[in-house]
Amino acid sequence: MENPDQHPTASEGESLGSESRLLQVLKGGHFAVTAELNAPDSADPKDVYANVLALGDVCDGINATDGSGANCHMSSVACCALMARAGYEPVLQVSCRDRNRIAIQGDLLGAAALGVRNVLCLTGDDVSAGDQPEARRVFDFDALQLLRTAQILRDQGVFLSGRKLTTAPDFFLGAAANPFVPPQDLRHLRLAKKIEAGAQFIQTQYCYDVPVFEAFMRRARDMGLHERVYMLVGVGPLRSERAAEFMRSRVPGVHIPDAVVDRLAKTPRKGKRAEGIQICVEIIEEVKQIEGVHGVHIMAYRQEETVPEIVERAGILRSRPEE
């Protein structure tokens with residue numbers, strides 16, 4: 001049996017009460033970068049590290065997806081634990097689709113004990129979108145209830161039952177927003193509800209239509225929401241017009257204007273990947289100028305190697321002081 005005295009305590013490692021590094025970047029007024037990790041279909045931790053390698057030097061936080069698209073991959077908790085062990089800044093994604101409130105509260109505490117400080121609360125894609133549609137839906141919570149639960153664990157130090165925690169987690173809580181789905185003129189009201197429920201940062205769905213996003217942010221500013229939450233705009237490179245067509249027709253909530261698809265279609269085959277990266281960089285440069293935007297969330301599915309190039313070309317890190 002292992003001797004528990006041989007294991008480091010919180011005071012010897014990272015303190016349980018230490019502040020999220022992502023939060024520190026945002027509080028410091030820096031334009032933040034987060035990205036998504038391609039969770040592997042593997043039990044080998046080396047596959048996580050291989051996928052995260054391109055992201056570590058340019059990202060302030062790295063999301064570990066929780067069965068995105070209702071497809072099974074290595075769990076978000078496990079990916080986050082491996083990233084935290086290696087010194088990266090993980091963002092735990094928690095979906096309500098697969099677990100009830102008992103399991104969710106246990107996972108949140110376990111993640112905090114493993115060094116996770118950032119939590120993105122999601123309702124989750126329905127199982128009909130995935131490759132195991134016969135799976136049973138849970139949806140004991142939605143994203144708003146999940147946010148409130150995580151906030152209660154953190155701020156009140158109790159389970160939902162009222163039972164006290166020995167040590168409360170110190171979470172930086174986030175939620176998702178999609179300004180691009182109808183009714184677009186009401187999406188800021190959904191954002192306000194998530195902020196009221198405890199969201200401190202927001203990561204949006206892919207933004208390929210900047211004018212629509214600008215209108216969303218105008219409404220958010222009219223309500224003062226831009227002063228109450230850190231807004232990270234979702235962006236990502238498109239490989240080709242075929243990839244764009246697939247995303248906008250098959251991925252729920254993704255809106256890609258015809259002009260973007262046409263631009264890729266007119267690009268010679270060998271230049272499509274580079275053009276997709278260029279479009280992503282241009283969008284970042286545009287949203288950086290919008291009042292109330294605090295960073296970007298780069299979703300480069302199976303293209304993690306493009307993230308450093310995108311960050312460099314967009315000039316995101318150049319204005320930061322050298323550490």
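Using a 4.0 Å cut-off between charged side-chain N and carboxylate O, D142 and K193 make no salt bridge. At a threshold of 4.0 Å, the pair E196-R228 counts as salt-bridged, since one of the basic side-chain nitrogens sits closer than that to a carboxylate oxygen. Salt bridge status for E227 with R221: absent, with no side-chain N to carboxylate O gap under 4.0 Å. Taking a cutoff of 4.0 Å between a charged side-chain nitrogen and a carboxylate oxygen, K266 and E241 do not qualify as a salt bridge. The pair R117-E19 does not count as a salt bridge, with every side-chain nitrogen at least 4.0 angstrom from each carboxylate oxygen. Electrostatic pairing of R99 and D107 counts as a salt bridge here, judged by a charged N lying under 4.0 Å from a carboxylate O. A salt bridge is defined here as a Lys NZ or Arg NE, NH1 or NH2 lying under 4.0 Å from an Asp or Glu carboxylate O, and E309 with R313 meets this definition. Ion pairing between R302 and E36 fails under the 4.0 Å rule for side-chain N and carboxylate O. Ion pairing between a basic and an acidic side chain is recognised when a charged N comes within 4.0 Å of a carboxylate O; R137 and D126 show such pairing.
Between F139 and F141, the ring center distance fails the sub-6.0 Å criterion.
There is a side-chain donor-acceptor pair under 3.5 Å between S42 and D47. When only modelled atom types and interatomic distance are considered, H255 and Q205 share no side-chain donor-acceptor pair under 3.5 Å.
No donor-acceptor pair under 3.5 Å is formed between the side chain of Y88 and the backbone N or O of Y49. Panel note: side chain E304, backbone V52; no donor-acceptor pair is recorded below 3.5 Å. Here the side chain of K272 pairs a donor or acceptor atom with the backbone of L264 at under 3.5 angstrom. The main-chain N or O of C96 is never found under 3.5 Å from a side-chain atom of D140 such that the two would form a donor-acceptor pair.
Taking the six-membered ring where tryptophan is involved, the planes of F172 and Y230 are perpendicular, since the angle between them exceeds 60° and thus also 30°.
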